[in-house]
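The structure appears right after this line, and notes come after that.
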Amino acid sequence: MYDMAILWDWIAFSVRWLHVITAMAWIGASFFFIALDLGLKKAPNMPDGVHGEEWQVHGGGFYHIQKYLVAPPNMPEHLIWHKWQSYITWVSGAALLMIVYWVGGELFLLDPTKADLTLWQGILISGGSLTIGWLAYDFLCKSKLGEQPTTLMVLLFVILVVMAWGYNQIFTGRAALLHLGAFTASIMTGNVFFQIMPNQRIVVADLKAGRTPDAKYGKIAKLRSTHNNYLTLPVVFLMLSNHYPLAFGTEYAWIIASLIFLTGVTIRHYFNTMHATGAGPNWTWTVTILLMLIIAWLSSVRSTETIEQAEARAMTPYEQHYASAEGFDEAYNTVLGNCSMCHAREPFWDGIRWAPKGVYLETQADVAKHATQIYLHAGVSHAMPPPNAIQMDADARETLITWITNARNDG
């Protein structure tokens with residue numbers, strides 16, 4: 001019978017793989033069409049209704065692309081709809097969030113030093129907040145603010161800053177930034193599913209029925225697509241942030257996340273302008289570098305709980321279960337002797353200033369909290385500790401496996 005922890009980890013890896021693949025397809029298509037749209041040029045003798053055209057070369061061939069602002073006189077038999085990249089990215093991302101942050105919520109989602117929440121309360125906040133975000137954003141877009149794109153973007157930024165702060169008050173640092181990314185990605189996919197695709201279907205239906213499509217539907221789709229374009233880079237950063245404690249492991253993580261949205265604007269503004277005019281505004285790179293320097297400084301301002309505070313904190317029921325399992329004392333001593341010199345609040349291994357991945361393995365609660373990760377990284381695999389640092393023998397790894405097996409057999 002397969003070990004469920006190992007099987008579950010491979011399921012998570014597979015879903016993450018799918019998520020990355022579809023995200024690359026979605027982002028690539030988005031960037032391509034924004035660049036194409038901005039690079040269209042007027043040319044003599046273009047067909048009626050054509051807004052602009054562009055010639056491109058790729059893969060040994062030439063492509064002649066024309067854009068109709070509303071629709072062509074006759075509907076082509078073969079029409080490609082760009083939607084599944086977005087849908088599958090969101091679905092796979094939602095599945096990954098459930099696998100990592102709901103099923104593994106005791107470790108990755110909840111932070112008992114910030115808020116006293118049960119796992120179910122955390123899950124409800126996690127899922128509910130994503131829905132509320134889309135509803136609030138969609139309401140603003142459909143209001144009169146929809147005619148004021150700049151004001152609308154500023155309000156969207158304010159919403160994102162508020163959500164960054166709010167998530168950071170209740171979730172772990174890595175969960176807070178990940179949820180902010182999921183919050184933003186939900187808005188982006190909502191734009192595709194609820195606005196861009198339905199409006200395009202209306203245009204196609206009108207064309208097939210012989211009616212002249214209303215240009216307002218294209219205008220709405222263009223606004224939402226532009227928002228997605230400016231939000232893409234920050235979302236990628238937030239999805240990667242859980243691998244970098246300097247991004248999430250500070251009390252100012254919410255400010256770091258907020259500033260990243262500004263870098264997304266400056267970077268995309270440069271490329272969008274370059275695609276439209278042939279030259280981008282170089283001042284955007286100066287602003288981007290300054291923002292990243294501020295982010296780097298904020299990441300160094302850390303206020304991690306002390307070892308005394310960690311030892312004084314009462315264990316959660318999840319931690320108590322693993323700490324009370326047979327073999328825990330031996331496993332705890334094994335971790336202290338092989339892992340804690342790096343995974344400490346003040347690491348004393350030469351060259352390491354902060355615990356890798358923000359994982360602390362000093363107190364009994366620390367070790368019990370990270371039981372599954374210890375099992376996977378130092379028990380059944382040899383990922384940790386690094387072999388050029390410490391040679392952990394087979395008996396020590398077996399001690400960890402025995403402890404986790406006993407805990408699992410106890411329910």
Handout entry: Listed once per pair and sorted, the ring-ring contact (aromatic ring centres under 6.0 Å, His included) pairs that draw on residues 344-398, sequence neighbours left out
Key =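 As it turns out, there is no ring-ring contact (aromatic ring centres under 6.0 Å, His included) pair with a partner in residues 344-398 once direct neighbours are skipped.
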Completion exercise
Exactly one of Val287, Leu233, Leu290, Ile289 clears side chain to side chain contact (heavy atoms under 4.5 Å, CB included) with Thr266, and that residue is Val287
Practice task
Just do the side chain to side chain donor-acceptor pair (under 3.5 Å) check on Asp206 and Tyr217 with the steps written out, would you?
Solution key: CA-CA 12 Å; Asp206 284 343; Tyr217 296 113; 6.0 Å; no
Handout entry: Pair Glu319 + Arg313: basic N to acidic O under 4.0 Å
Key =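 Judged by the 4.0 Å cut-off on N to carboxylate O distance, Glu319 and Arg313 do form a salt bridge.
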Exercise for the section: Verify, without hydrogens or angle tests, whether Asn333 (side chain) and Asp329 (backbone) share a donor-acceptor contact under 3.5 angstrom. Expected result: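 Confirmed, Asn333 side chain pairs with Asp329 backbone.
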Problem - Donor-acceptor pair, side chain of Ser340 and main chain of His343, under 3.5 angstrom - result: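 The answer is no, because no donor-acceptor pair under 3.5 Å joins these two groups.
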Exercise for the section: Take Tyr230 and His269 through the ring pair (Phe, Tyr, Trp, His ring centres under 6.0 Å) test and state the conclusion after the steps. Expected result: CA-CA 8 Å; Tyr230 281 103; His269 179 63; 7.5 Å; no
Using the ring centroid of each side chain, check whether [X] and [Y] are separated by less than 6.0 Å.
| X | Y | result |
| --- | --- | --- |
| His58 | Tyr63 | no |
| Tyr270 | Trp285 | yes |
| Tyr332 | Trp403 | no |
| Tyr244 | Phe248 | no |

Exercise for the section: Might you work through the ring pair (Phe, Tyr, Trp, His ring centres under 6.0 Å) test for Phe193 and Tyr87, ending with a clear yes or no? Expected result: CA-CA 8 Å; Phe193 185 80; Tyr87 299 165; 5.4 Å; yes
Handout entry: Gln56 versus Glu54, side-chain donor and acceptor atoms under 3.5 Å
Key = yes
Exercise for the section: Scan side-chain atoms only and decide if His227 and Tyr137 contain a donor-acceptor pair under the 3.5 Å cut-off. Expected result: yes
Handout entry: Residue list, side chain to side chain contact (heavy atoms under 4.5 Å, CB included) with Ile159, at least two apart or on another chain
Key = Leu140, Met163, Phe183
Handout entry: side chain to side chain donor-acceptor pair (under 3.5 Å) between Asn229 and Thr226, worked out
Key = CA-CA 5 Å; Asn229 177 250; Thr226 300; over 6 Å; no
Handout entry: salt bridge (Lys or Arg N to Asp or Glu O under 4.0 Å) involving Lys67 - partner list, sequence neighbours excluded
Key =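 Asp37.
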Exercise for the section: Evaluate the criterion side-chain contact (heavy atoms from CB on, under 4.5 Å) for residue pair Leu298 and Leu259; output intermediate values, then yes/no. Expected result: CA-CA 11 Å; Leu298 286 171; Leu259 294 178; 4.0 Å; yes
